[in-house]
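Note that the structure is predicted; figures quoted are calculated from it, not measured. Values reported hereafter were calculated over all heavy atoms of this structure, with side chains retained and with hydrogens, waters and symmetry mates removed.
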Amino acid sequence: MPIQQSDVLYTAVATAQGGRDGRVATDDGKLDVVVNPPKEMGGSGSGTNPEQLFAAGYSACFQGALSVAARQENADISGSTVTAKVGIGKNDDGFGIIVEISAEIPNVDETTAKALVEKAHQVCPYSKAIRGNITVTLV
């Protein structure tokens, strides 16, 4: 169920200039980066790109969700990492993205790790936001 405006605890604000070939910055100045299309898409590749920014945000959010799942299951996820791979390619109406999420959780067995990742995928706000719209593979 979507949250209501009255439920919002924090709002991030970022402004882009020049689209995929310009810059993007947050209103508090904590993020201010040049964005360029990657070389694979005909760009210079000299700056970051929206897919890298999405991968960074998704991996951090998913790591937080993994922590929530671990607390609920009393599991030790210290030393764990989450990697998000975000691909972009052509589809029927232009371009679309696809995501692969992987987690390294050294202090639990493979079955527990898989269950924690599945649970994190259910509670992660990024996962919820894109569910049904973007293919996400958990590896």
Results of side chain to side chain contact (heavy atoms under 4.5 Å, CB included) for Thr111 - residues two or more places apart only: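 Testing Thr111 for side chain to side chain contact (heavy atoms under 4.5 Å, CB included), a comparison that skips the adjacent residues, returns Asp109.
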Could you tell me which non-hydrogen atom of [X] sits nearest to which non-hydrogen atom of [Y], and how far apart they are?
X: Pro37; Y: Arg20; value: CD-O, 3.0 Å
X: Asn49; Y: Asn36; value: CB-O, 3.5 Å
X: Val35; Y: Gly19; value: CG2-O, 3.2 Å
X: Ala14; Y: Val24; value: CB-CG2, 4.2 Å
X: Gln52; Y: Gly47; value: OE1-O, 4.3 Å
X: Gln63; Y: Ser80; value: NE2-OG, 2.9 Å

[Y] backbone acceptor or donor facing [X] side chain under 3.5 Å:
X: Asp21; Y: Gly18; result: no
X: Asn107; Y: Ser78; result: yes
X: Gln72; Y: Ala69; result: no

Looking at Val123, Ile105, Thr81, which one forms a side-chain contact (heavy atoms from CB on, under 4.5 Å) with Leu66?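 Considering Val123, Ile105, Thr81, a side-chain contact (heavy atoms from CB on, under 4.5 Å) with Leu66 is found only for Ile105.
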Here's a test for you: under side-chain contact (heavy atoms from CB on, under 4.5 Å), which of Thr135, Leu138, Val136, Thr137 qualifies with Val99?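 Of Thr135, Leu138, Val136, Thr137, side-chain contact (heavy atoms from CB on, under 4.5 Å) with Val99 is met by Val136 alone.
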Does CD belonging to Gln122 count more than 12 external heavy atoms closer than 6.0 Å?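 More than 12 heavy atoms, drawn from other residues, nucleotides or ligands, come within 6.0 Å of this atom.
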Within a radius of less than 6.0 Å around CG of Asp93, do more than 12 heavy atoms belonging to other residues, nucleotides or ligands occur?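 Yes.
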How many angstroms lie between atom [atom1] of [X] and atom [atom2] of [Y], to the nearest 0.5 angstrom?
X: Ile98; Y: Asn91; atom1: CD1; atom2: CG; result: 11.0 Å
X: Tyr58; Y: Ile97; atom1: OH; atom2: CD1; result: 9.5 Å
X: Glu51; Y: Phe95; atom1: CD; atom2: CZ; result: 9.5 Å
X: Phe54; Y: Ser59; atom1: CZ; atom2: OG; result: 10.5 Å

Excluding sequence neighbours, so at least two apart, what forms salt bridge (Lys or Arg N to Asp or Glu O under 4.0 Å) with Asp32?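 Scan of Asp32 (salt bridge (Lys or Arg N to Asp or Glu O under 4.0 Å), adjacent residues dropped) gives Arg23.
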Glu73: which residues meet the salt bridge (Lys or Arg N to Asp or Glu O under 4.0 Å) condition with it, sequence neighbours left out?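 Listed in chain order: Lys119.
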Can you list the steps and then say if Val82 with Ile101 is a side-chain contact (heavy atoms from CB on, under 4.5 Å)? CA-CA 7 Å; Val82 172; Ile101 298 283; 4.0 Å; yes
Should Val117 and Val86 be counted in the same cluster of Ile, Leu, Val, Met, Phe, Trp and Tyr side chains packed under 4.5 Å apart?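 As far as the 4.5 Å side-chain criterion goes, Val86 and Val117 are connected within one cluster.
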